[in-house]
Amino acid sequence: MITALDHIQLALPADAEEDMRDFYCNALGMTALPKPAPLQGRGGFWAQAGPVQVHFGIDADFHPATKAHPAFVVDDLDALADRLSGAGHRITWDTALPAVRRCFIHDPVGNRIELISQT
């Protein structure tokens, strides 16, 4: 029986590591984590927010995930959406689920990201 989610992994092209680290760690507010020594030579990086870990791995045949996506619950969706929009990121609000306040963005390499209001 599955009891928890340890991490999710998102792919990125080798030349986008710094842009992705900036987006996830600065724009979304995650914290960079040290990768274990045996994995450091593979490139990419790990980040965490609360109990949520995302591992970013280099994919030589990268294609953005435009349908599959992580959905992050955030404590102040409006403030984060305003900050992201102000930094030039396109926010797409979605009302398909009336009981869920959410929006979608794309990271610097085109991966789809869902942001959901905690309340």
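What you see below is based on every heavy atom in this structure, not just the backbone, and it leaves out hydrogens, waters and symmetry mates. Values in this document were obtained by computation on a predicted structure and should not be read as measured data.
The hydrophobic cluster around Leu39 extends to Leu33, Trp46, counting ILVMFWY residues whose side-chain heavy atoms fall within less than 4.5 Å of a member. When hydrophobic residues (I, L, V, M, F, W, Y) are linked wherever their side-chain heavy atoms come within less than 4.5 Å, Met1 remains an isolated member.
Across every non-hydrogen atom of Phe62 and Ala11, the tightest pair is CE1-O, 3.1 Å. Across all their heavy atoms, Ile116 and Leu77 have their closest contact at C-CD2, 4.4 Å.
Annotation: side-chain hydrogen bond (donor to acceptor under 3.5 Å, both in side chains) contacts involving residues 5-17, sequence neighbours excluded, comprise His7-His55, Glu17-Arg21. Under the side-chain hydrogen bond (donor to acceptor under 3.5 Å, both in side chains) criterion, the residue pairs touching residues 26-35 are Asp22-Asn26, with sequence neighbours excluded.
Take Asn111 and apply the side-chain hydrogen bond (donor to acceptor under 3.5 Å, both in side chains) test, not counting sequence neighbours, and it matches Asp107. Checked against side chain to side chain contact (heavy atoms under 4.5 Å, CB included), Asp76 has the following partners two or more places apart in sequence or in another chain: Asp78, Ala79. Under the rule for a salt bridge (charged side-chain N to carboxylate O under 4.0 Å, His left out), Arg83 has no partner lying at least two apart in sequence or in another chain. With sequence neighbours left out, the side chain to side chain contact (heavy atoms under 4.5 Å, CB included) criterion links Ser85 to Ile91. Applying the side chain to side chain contact (heavy atoms under 4.5 Å, CB included) rule to Ala47 yields the partners Cys25, Met30, Phe45, Phe56; only residues at least two apart in sequence or on another chain are considered. Annotation: side-chain hydrogen bond (donor to acceptor under 3.5 Å, both in side chains) contacts of Asp19 (sequence neighbours excluded): none. Judged as a side chain to side chain contact (heavy atoms under 4.5 Å, CB included), and not counting sequence neighbours, the contacts of Leu97 are Val100, Arg102.
In terms of hydrophobic clustering, with Ile, Leu, Val, Met, Phe, Trp and Tyr side chains grouped at heavy-atom distances under 4.5 Å, Phe104 and Leu84 are assigned to different clusters.
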Pair up each side-chain donor or acceptor in residues 63-74 with any protein partner under 3.5 Å, not counting sequence neighbours, and list the distances.
{"residue": "His63", "atom": "NE2", "partner": "Asp61", "partner atom": "OD1", "Å": "3.4"}
{"residue": "His69", "atom": "ND1", "partner": "Lys67", "partner atom": "O", "Å": "2.8"}
{"residue": "His69", "atom": "NE2", "partner": "Glu114", "partner atom": "OE1", "Å": "2.8"}

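For the atom pair CG of Leu12 and CG of Asp59, the computed distance is 8.5 Å after rounding to the nearest 0.5 Å. Summarising the geometry, atom CG belonging to Leu80 is positioned 10.0 Å from atom NE2 belonging to His89; distances are rounded to the nearest 0.5 Å.
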Where do Thr92 and Ile105 land on the side-chain contact (heavy atoms from CB on, under 4.5 Å) test, with the steps shown first?
-> CA-CA 6 Å; Thr92 303; Ile105 60 172; over 6 Å; no
